[in-house]
Amino acid sequence: MNFFRLTADLMHLLSIFVLLLKIQKTRSCSGISFKTQLLYAVVFVTRYLDLLKWISLYNTLMKIFFIASSIYILYLMKIKFRATYDPSQDTFRIEFLLGACLLLALVFNYTFTFIEVLWTFSIYLEAVAILPQLFMLSRTGEAETITTHYLFALGAYRGLYLLNWIWRFYTEHHIDWIVWVAGAIQTALYSDFFYIYYKKVLHGQKFELP
Amino acid sequence: NANKIIKDEL
């Protein structure tokens, strides 16, 4: 564990708490893409098939939290606050993402086993899981401030993982190409968002696309 | 060896 990775994981936790806070406080999931949340649930379930493999208490607790919270968010969006979800705003075709990621995972993986291919699939899928949310944002052209804090925390988590990998490469000679390439793409997807968040939200303005 | 990558990250 290093500073970057711990901070990244804490940002990831924070992002989920901010999302839960947004839904509970406003009693609405408007502005949140169900499709992105669905993809995250798929990501966590397919990645943590090794849940019973012991690495550390930290590792196990975090995995349980990510699986449980992602499914809980689906429950909130699909059942508890269903009336506040507007599917007509959430029109990104995730079938293509799922298909492309599965295909890539079948071709580019470390070992061709069931568990390993699904792990690789989850890495690729996480990289693009935010696209339905960003697409929704670009369609509506604006977002509630708390929703932008959620997205910022989520993007910061990915950015910090890049620093963690650089750190681990030099201190441990840790190499993981699949995770690096996917992580770099994932972080790059946030660059436009980061720019507007910095220009607008951090200066006290409403998040609006130019 | 890629198989030796320890999946300790989340």
Side-chain angles (χ1 to χ4, degrees), chain A residues 1-2 4-6 8-13 16 40 43-44 47-51 53-67 70 108-113 115-116 118-120 122-123 126 157-158 160-162 164-165 167-168 172-180 182-183, chain B:
Chain A
M1 184 55 73
N2 61 63
F4 300 114
R5 201 169 133 204
L6 182 63
D9 288 345
L10 293 179
M11 286 301 267
H12 197 183
L13 279 187
I16 293 168
Y40 281 134
V43 163
F44 293 132
R47 185 173 308 168
Y48 300 151
L49 291 173
D50 67 345
L51 186 62
K53 194 181 139 197
W54 186 260
I55 293 168
S56 66
L57 181 64
Y58 173 84
N59 189 274
T60 304
L61 289 179
M62 293 289 259
K63 284 175 175 172
I64 292 171
F65 177 80
F66 288 133
I67 294 172
S70 65
F108 302 104
N109 54 64
Y110 292 134
T111 325
F112 195 74
T113 61
I115 295 269
E116 192 67 24
L118 280 186
W119 174 84
T120 314
S122 83
I123 296 291
E126 187 187 350
Y157 138 67
R158 292 318 301 186
L160 286 161
Y161 255 93
L162 295 183
N164 156 61
W165 295 324
W167 179 266
R168 291 191 79 177
E172 304 167 36
H173 305 290
H174 176 84
I175 294 172
D176 193 338
W177 283 109
I178 287 177
V179 165
W180 287 357
Chain B
N1 187 338
N3 295 331
K4 285 193 180 143
I5 290 176
I6 303 164
K7 297 197 171 67
D8 59 348
E9 290 181 352
L10 294 159

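Note that the coordinates shown come from a computational prediction; the quantities given were computed from them, not determined experimentally.
Looking at heavy atoms from C-beta onward, B/Glu9 lies out of side-chain contact with A/Asp176 at the 4.5 angstrom threshold.
Between A/Arg47 and B/Leu10 the shortest heavy-atom distance is NH1-O, 3.0 Å.
Using a 4.5 Å cut-off between heavy atoms, A/Trp177 does not touch chain B at all. At a 4.5 Å heavy-atom cutoff, A/Ile178 makes no contact with chain B through either its backbone or its side chain. Neither the backbone nor the side chain of A/Phe44 comes within less than 4.5 Å of any heavy atom of chain B. There is no contact between A/Trp54 and chain B, counting heavy-atom distances below 4.5 Å.
Put simply, of A/Phe66, A/Tyr48, A/Tyr58, the one with the most heavy-atom pairs under 4.5 Å next to chain B is A/Tyr48.
Between the NE2 atom of A/His174 and the CG atom of B/Asp8 there is a distance of 6.5 Å, given to the nearest 0.5 Å.
Heavy atoms of other residues, nucleotides or ligands lying less than 6.0 angstrom from CZ of A/Phe108 number 12 at most. The number of heavy-atom neighbours closer than 6.0 Å to CH2 of A/Trp167, taken from other residues, nucleotides and ligands shown, is 12 or below.
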